[in-house]
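On a predicted model such as this, the values are computed, not experimentally measured, just so you know.
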Amino acid sequence: MKVVNKNIKVRIYPSKADKNDKGENIVSINKIESNIGIHRFIYNHELALINYFKSLLVQHGYGDKVIVNDSSCNMLLKMLRAENSFLEKAESSSRQQSQRNLIQAFKRYYNPNLKSNYPVFKHKRNVKDNFRIINNNNNVRIQKNRYGFEQIKLAKLGLIKFKTSKEYRELLRKASNTNDSTAKIKHVTIKKENTKYYAVFNIECIHTPDRIIGPRQQIGIDIGCSKLAVLSNEKEIPNLNLTEETEKIIHYQKIMSHHNPKSIRYKKAQKQYNKWYKKLINKRNDYYNKQTADIVKNSCFIAVQNENIIAWKHNKYLSRGIQLNAPRTFMDQIEYKCDWNDIEFIKVPKNFPSTQICSKCKKQNKKIKGQENLGIREWDCPYCNTHHDRDVNSSINILRRGLELAGAAGQ
């Protein structure tokens, strides 16, 4: 058993009114949109003040680096609250979370290893519409309303209807019970996706791994483009067939491009586009969850090469397949499931030439090096004449290198 953080996404249904018949506060669309707007307002105005201060430093001959931390942002937030009374409508932890996001953005920018871009302003379009409420003194929980139906209680906002599976509902009940120490709600993120509203609960709970009967394997995984992954035991995981979804998405994108965004036809096409895009994401996530769960529960050690997926996206022959199949999502799911189940997970460096090394004699064949030789899927070793499948050979080398790194780390 291990204490882990699980994210549970549930559909919520805000009302049009702010209060019900009994005068109780309920979560309305107005309140959610207002909190989203306040979250964006605080982020943008604090960023504008920081940019102004940076320009003053440069103007007077100082460097342009500004230390952005909790104390400096707290002062900016106090100034904004004094000048803008409408900020009091938002829940206090939601306001603080907005500036935490800004601090994190600057930390990523100043970290040379991450190579992140300078923080930019949030706009109504092309932005994730969300805000986060931290659970303090059980002010985010599941409780029954006066009719006996379970609803989500959000701090300061009120009650809201929700829908989810029996398994998730039971976990939310446990996390809302202050007497139960096995689960606790840490925070909830309210988000808007394509005119629909969701609540994503972060729950700290005890995870019990599945009991496996039989031997577990050491696995090396080669992430690819033509195939999602190839394992060192020669098992292949094919890419998911998303032809129908992609054709529909492209079809409705073309319709939207020929109409005014305010027109009825545009809105109808946008609704269908959102529907098919959501279907593609759900289908892919379901497939990846099943495949990664099967890999992890039958393994005792997993090694994956930390591929440079961003560089792959710049290749015009690979970019479409990479964006559609999202191999990074597949890798991330394996990583967190290994962490949950106490399985050793190693990332092999991206510069390791796993495809060029012969898994038998361990000598390097530089003739298959480079993007121009990606079409060579099978090759013979010039030193020992062993015939190799490119992907299987790569996964075996990744496993061997992962075991070496694990041994070096354990010493």
Side-chain angles (χ1 to χ4, degrees), residues 5-40 86 88-95 97-98 124 127-180 182-205 267 270-272 274-279 281-282 285-286:
N5 284 345
K6 290 187 178 182
N7 284 337
I8 293 177
K9 187 176 181 180
V10 303
R11 177 83 184 272
I12 55 175
Y13 300 89
S15 66
K16 292 182 179 179
D18 290 341
K19 294 190 177 182
N20 59 14
D21 300 337
K22 294 287 183 181
E24 296 173 327
N25 282 335
I26 54 175
V27 181
S28 64
I29 296 171
N30 245 359
K31 286 182 181 178
I32 290 179
E33 294 292 345
S34 174
N35 274 270
I36 289 171
I38 289 169
H39 183 275
R40 187 167 54 239
F86 65 87
E88 301 304 320
K89 293 179 182 178
E91 207 274 330
S92 59
S93 62
S94 159
R95 293 193 295 260
Q97 186 60 41
S98 180
K124 287 186 178 179
V127 73
K128 294 178 181 178
D129 289 333
N130 59 43
F131 65 95
R132 179 174 293 174
I133 298 175
I134 309 298
N135 183 18
N136 296 317
N137 300 322
N138 204 31
N139 60 2
V140 176
R141 61 185 182 273
I142 305 300
Q143 70 176 42
K144 291 185 179 180
N145 63 5
R146 59 196 176 93
Y147 299 111
F149 296 108
E150 287 182 324
Q151 292 186 333
I152 298 170
K153 174 70 171 68
L154 296 176
K156 198 167 184 177
L157 302 184
L159 294 167
I160 187 168
K161 296 177 183 177
F162 73 102
K163 191 180 286 186
T164 187
S165 64
K166 289 181 180 178
E167 180 188 354
Y168 285 176
R169 190 180 288 269
E170 184 59 35
L171 182 55
L172 286 169
R173 283 196 202 108
K174 285 176 67 178
S176 301
N177 186 358
T178 52
N179 298 322
D180 194 335
T182 58
K184 182 186 177 183
I185 297 172
K186 304 294 286 182
H187 56 74
V188 61
T189 304
I190 308 299
K191 57 168 60 178
K192 180 184 178 183
E193 292 180 0
N194 305 328
T195 70
K196 294 178 181 177
Y197 297 92
Y198 299 89
V200 183
F201 289 89
N202 182 272
I203 299 176
E204 189 182 75
C205 59
K267 289 176 182 175
Q270 188 182 39
K271 188 177 180 180
Q272 290 298 315
N274 292 338
K275 171 191 165 184
W276 284 99
Y277 187 78
K278 188 69 177 174
K279 190 175 283 191
I281 298 295
N282 289 342
N285 285 343
D286 178 65

Could you tell me which residues satisfy side-chain contact (heavy atoms from CB on, under 4.5 Å) with Lys192, sequence neighbours excluded, listed by chain and number?
Glu33, Ile36, Asp129, Tyr197
Taking only residues two or more places apart in sequence or in another chain, which ones pass side chain to side chain donor-acceptor pair (under 3.5 Å) with Ser15?
none
In the structure I gave you, are the side-chain heavy atoms of Ile190 and Asn35 within less than 4.5 Å of one another anywhere?
no
For Phe131 and Ile38, run side-chain contact (heavy atoms from CB on, under 4.5 Å): C-alpha distance rounded to whole Å, both residues' side-chain angles, the deciding distance at 0.1 Å, then the answer.
CA-CA 9 Å; Phe131 65 95; Ile38 289 169; over 6 Å; no
Determine whether Gln143 and Ser176 satisfy the following criterion, side-chain contact (heavy atoms from CB on, under 4.5 Å), listing intermediate values before the conclusion.
CA-CA 8 Å; Gln143 70 176 42; Ser176 301; over 6 Å; no
Would you give the length of the straight line joining atom CG of Leu172 to atom OG1 of Thr164, rounded to the nearest 0.5 angstrom?
6.5 Å
For residues 151-163, which side-chain donor-acceptor pairs fall under 3.5 Å, sequence neighbours excluded?
| residue | atom | partner | partner atom | Å |
| --- | --- | --- | --- | --- |
| Lys156 | NZ | Glu88 | O | 2.4 |
| Lys156 | NZ | Ala90 | O | 3.4 |

Who passes ring pair (Phe, Tyr, Trp, His ring centres under 6.0 Å) against Phe86, sequence neighbours left out?
Phe41
Who pairs with Asp286 by side chain to side chain donor-acceptor pair (under 3.5 Å), at least two apart in sequence or on another chain?
Lys290
Kindly determine whether Asn130 and Tyr198 satisfy side-chain contact (heavy atoms from CB on, under 4.5 Å), including the steps that lead there.
CA-CA 9 Å; Asn130 59 43; Tyr198 299 89; over 6 Å; no
Just jot down the side chain to side chain donor-acceptor pair (under 3.5 Å) partners of Ser93, sequence neighbours excluded, or say none.
Glu91
For Lys267, I'd like to know if atom NZ has over 12 heavy atoms of other residues, nucleotides or ligands within 6.0 Å.
no
Candidates Asn135, Ile203, Val140, Ile134 - the one meeting side chain to side chain contact (heavy atoms under 4.5 Å, CB included) with His187
Ile134
Do any N or O atoms from the side chain of Asn137 and from the backbone of Asn139 form a donor-acceptor pair under 3.5 angstrom?
no
What distance separates Lys271 NZ from Asn194 CG, expressed to the nearest 0.5 Å?
12.0 Å
Any residue meeting side chain to side chain donor-acceptor pair (under 3.5 Å) with Lys9, in chain and number order, not counting sequence neighbours:
Glu193
Suppose we screen for side-chain contact (heavy atoms from CB on, under 4.5 Å). Which residues come up paired with Asp18, at least two apart in sequence or across chains?
Ser28, Asn30, Lys31
Using the test side-chain contact (heavy atoms from CB on, under 4.5 Å), find all partners of Asn7 that sit at least two apart in sequence or belong to another chain.
Val200, Asn202
Quick check for you: to the nearest 0.5 Å, what is the distance between Ile29 atom CD1 and Ser34 atom OG?
13.5 Å
Between Leu171 and Ile8, is a side-chain contact (heavy atoms from CB on, under 4.5 Å) present by the stated rule, with each step listed?
CA-CA 9 Å; Leu171 182 55; Ile8 293 177; 3.2 Å; yes
Could you name each residue pair satisfying side chain to side chain donor-acceptor pair (under 3.5 Å) that touches residues 165-175, not counting sequence neighbours?
Glu150-Arg169, Glu150-Arg173, Glu170-Arg173
Would you compute the distance between atom NZ of Lys186 and atom CG of Asn136 and round it to the nearest 0.5 angstrom?
10.0 Å
Within this structure, what is the CG-CD distance for the pair Asn5 and Glu204, rounded to the nearest 0.5 Å?
5.5 Å
Rounded to the nearest 0.5 Å, what's the gap from CD1 on Ile185 to CG on Asn177? Could you check?
11.0 Å
Looking at residues at least two apart in the chain, or sitting in another chain, which of them share a side-chain contact (heavy atoms from CB on, under 4.5 Å) with Gln270?
Met256, Tyr266, Asn274
